[in-house]
Amino acid sequence: MNTADLYQDLRRFDEEYIEFAAFKAAADAIRGNLEMFREVGMAKNLVVLGESGTGKSTLCRWLAAAYPKQEHKERDILPVLVVGVPAAATIASMAEAFLTPLGDPAPNSGSISEKARRIVKLVHGCKVEMILIDEAQHISDRGQSVTHYMVADWLKVLIDGMGVPTVFLGLPRLEALIQANEQLRRRFSNRLRLSLGQDEKRTIREECLELFQSLAQSLPLKIVGGPFEDGELGVRLYYASDGRIAHIKKLMAGALRLAVEEGYGSIGPGLLERVFTEEVWWEGVGALNPFNVAFAHRRLDRAGEPFEDVRPRQVKKRG
Ligand SMILES: Nc1ncnc2c1ncn2[C@@H]1O[C@H](COP(=O)(O)OP(=O)(O)O)[C@@H](O)[C@H]1O
Ligand SMILES: [Mg+2]
């Protein structure tokens, strides 16, 4: 295989969508809310939580593609509006994040209340039927609680004014922000998680292995388990990825690149072990490398490890 073929394969591999159980459940729930709004005008909200690399932004893109924008002379029809919350969100930057994808010609002009009026008008004018607010944990990242309550309160008033089903997507710590704000808590009581392991019928190891195998179908090389049987390979994939699709893909893409560069005919634990150290965690060797025979069989979530648990900030309660 030459380099051009390798890059083409890697690109195709990266673009592959897999409807793993949690992704499908979240997509179905969002589509269900959109259809309900379309049919009876009822706006139900939802929260989708997931660590980095679990597929939140991909889900937003997938839904936007499923309900594409239609361009018209007078005004575009935009069934799904995706808003990315900027880091350290303020009301002004939030308003701009709404107005820009809605096609407002001057998204940063006007007072706060005027911007909110324009957002509501454009949302109705563009016939928006679903609002996906990605990186929603940034609403609370400002650190000054007064400011973030103001953003949250402004958003709550805006959501009521728009009357369109809304989804907050964000890191698990988003839950603390919602819990701390009585008004948001009431509006966003339905929660879903995007990491693997939400499927009641299968264990997380089985799910990891299945995802690995379905992704493997779009690779030009065979996957071999080496010393590990399927069940054991599933366990090791789980520890190496923490159940996040981004990490499974990264390991596979890295292994493909090494295999092609070094002329191997298949991808196995030896290559995955090297990729884990080179691309996921450089300290991940020996007992700390999930593909090493001596692996310690535990989650790599302690301080300094790749899946370290980031505790939610303490947020003061307010009614
Ligand atoms: N359903 C999916 N099928 C295939 N690949 C996915 C899927 N969801 C996410 N990915 C891959 O995982 C990586 C991270 O996804 P992303 O949506 O950016 O995660 P998040 O927004 O939760 O941090 C991307 O490279 C993307 O290609
Ligand atoms: Mg994202």
Side-chain angles (χ1 to χ4, degrees), residues 7-31 46-67 80-89 94 97 101 131-141 166-175 177 191-199 202 204 207-219 223 237-238 240-257 272 275-276 279-281 301 306-310 312:
Y7 287 136
Q8 201 184 356
D9 282 334
L10 285 170
R11 199 172 322 114
R12 199 178 318 120
F13 177 71
D14 194 49
E15 286 164 0
E16 187 89 354
Y17 278 114
I18 303 278
E19 289 198 35
F20 57 94
F23 189 90
K24 185 171 185 317
D28 286 350
I30 296 172
R31 295 182 81 126
L46 185 68
V47 181
V48 175
L49 301 167
E51 302 286 357
S52 145
T54 49
K56 301 179 297 297
S57 302
T58 304
L59 179 62
C60 292
R61 278 195 300 278
W62 188 83
L63 285 157
Y67 297 89
V80 174
L81 170 67
V82 181
V83 176
V85 179
M94 273 301 290
I131 299 170
L132 304 177
I133 302 187
D134 196 12
E135 304 280 7
Q137 79 282 351
H138 282 157
I139 297 167
S140 68
D141 274 352
T166 299
V167 181
F168 279 169
L169 300 101
L171 297 178
R173 66 169 182 267
L174 166 63
E175 200 160 27
L177 162 86
R191 321 254 159 102
L192 287 175
R193 287 184 178 270
L194 212 47
S195 55
L196 301 184
Q198 314 301 315
D199 190 347
R202 284 167 308 164
I204 192 163
E207 245 194 300
C208 281
L209 184 68
E210 219 177 276
L211 186 58
F212 183 71
Q213 286 168 338
S214 37
L215 283 164
Q217 288 169 6
S218 56
L219 290 184
I223 303 278
L237 283 165
Y238 162 62
S241 66
D242 196 42
R244 307 181 197 185
I245 186 165
H247 285 80
I248 293 187
K249 282 181 98 171
K250 190 180 201 172
L251 288 165
M252 295 178 80
L256 172 66
R257 195 177 320 108
L272 292 169
V275 177
F276 185 83
E279 294 193 27
V280 179
W281 186 34
D301 60 353
F307 308 117
E308 181 182 350
D309 217 7
V310 184

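Whatever order the structure lists them in is the order used to number ligands and atoms, beginning at 1. When reading the values below, keep in mind they use all heavy atoms of this one structure, side chains included, and skip hydrogens, waters and symmetry mates.
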Visitor: Among all protein heavy atoms in this structure, tell me which lies nearest to atom 11 (C) of ligand 1, with the distance rounded to 0.1 Å.
Guide: Lys249 CD, 3.8 Å

Visitor: For Phe23, counting its heavy atoms only, list the atoms of ligand 1 lying under 4.0 Å from any of them.
Guide: 1 (N)

Visitor: What part of Phe20, side chain, backbone, both or neither, has a heavy atom within less than 4.0 angstrom of ligand 1?
Guide: side chain

Visitor: May I ask you to decide if the ring planes of Trp62 and Phe23 are parallel, tilted or perpendicular, using 30° and 60° as cut-offs?
Guide: perpendicular

Visitor: Ignoring hydrogens and geometry, is there a side-chain-to-backbone donor-acceptor pair from Lys56 to Gly50 under 3.5 Å?
Guide: yes

Visitor: Hey, is ligand 1 close enough to Ser57 that some N/O pair sits below 3.5 Å?
Guide: yes

Visitor: Does a sphere of radius 6.0 Å around OH in Tyr7 hold more than 12 heavy atoms from other residues, nucleotides or ligands, not counting ones at 6.0 Å or beyond?
Guide: no

Visitor: Going by the order shown, which atoms of ligand 1 are within less than 4.0 Å of some heavy atom of Ser52?
Guide: 23 (O)

Visitor: Just need the protein heavy atom nearest to atom 19 (O) of ligand 1, so name the residue and atom and give the distance.
Guide: Gly55 N, 3.2 Å

Visitor: Return yes or no for this condition: an N or O of Glu19 is under 3.5 Å from an N or O of ligand 1.
Guide: no

Visitor: So how far is it from Ser57 OG to Glu135 CD, rounded to the nearest 0.5 Å?
Guide: 5.5 Å

Visitor: Closer than 4.0 Å to some heavy atom of Tyr17 - which atoms of ligand 1 meet that?
Guide: 3 (N), 4 (C)

Visitor: Say whether Gly50 and ligand 1 are in contact under the criterion: heavy-atom distance to a ligand atom below 4.0 Å.
Guide: no

Visitor: To the closest 0.5 Å, what do you measure between CD (Gln137) and CZ (Phe168)?
Guide: 11.5 Å

Visitor: What atoms in ligand 1 come closer than 4.0 Å to a heavy atom of Ile245?
Guide: 2 (C), 3 (N), 4 (C), 5 (N), 6 (C), 7 (C), 8 (N), 9 (C), 10 (N), 12 (O)

Visitor: Check Asp28 with Arg31, please: is the shortest side-chain N to carboxylate O separation under 4.0 Å?
Guide: no

Visitor: Give the numbers and elements of all ligand 1 atoms closer than 4.0 Å to a heavy atom of Ile18.
Guide: 1 (N), 2 (C), 3 (N), 4 (C)

Visitor: Could you tell me the residue and atom name of the protein heavy atom closest to atom 23 (O) of ligand 1, and the distance to it rounded to 0.1 Å?
Guide: Gly53 N, 2.8 Å

Visitor: Does a side-chain N-to-carboxylate-O contact under 4.0 Å join Arg11 and Asp14?
Guide: no

Visitor: I need the nearest protein heavy-atom contact for atom 25 (O) of ligand 1: residue, atom name and distance, please.
Guide: Asp14 OD1, 3.9 Å

Visitor: Could you tell me which atoms of ligand 1, counted from 1 in the order shown, lie closer than 4.0 angstrom to a heavy atom of Ala246?
Guide: 12 (O), 13 (C), 14 (C)

Visitor: Quick one: do Arg193 and Glu175 make a salt bridge, cutoff under 4.0 Å?
Guide: yes

Visitor: Under 3.5 Å, is there a donor-acceptor pair between the side chain of Lys250 and the main chain of Ile245?
Guide: no

Visitor: Using 2.8 Å as a strict upper limit, say whether an N, O or S atom of Thr58 approaches the Mg ion (ligand 2) that closely.
Guide: no

Visitor: My understanding is that we take every heavy atom of each candidate and find the minimum distance to atom 24 (C) of ligand 1. Doing that for Val48, Leu49, Thr54, Thr58, which one comes out nearest?
Guide: Thr58

Visitor: What about Lys56: any of its N or O atoms under 3.5 Å from an N or O on ligand 1?
Guide: yes

Visitor: Near Glu16, which atoms of ligand 1 are under 4.0 Å from a heavy atom of that residue?
Guide: 3 (N), 4 (C), 5 (N)

Visitor: Could you grab the distance from atom CG of Asp242 to atom CZ of Phe307, nearest 0.5 Å is fine?
Guide: 5.0 Å

Visitor: Are the side chain of His138 and the backbone N or O of Ala88 linked by a donor-acceptor pair below 3.5 Å?
Guide: no

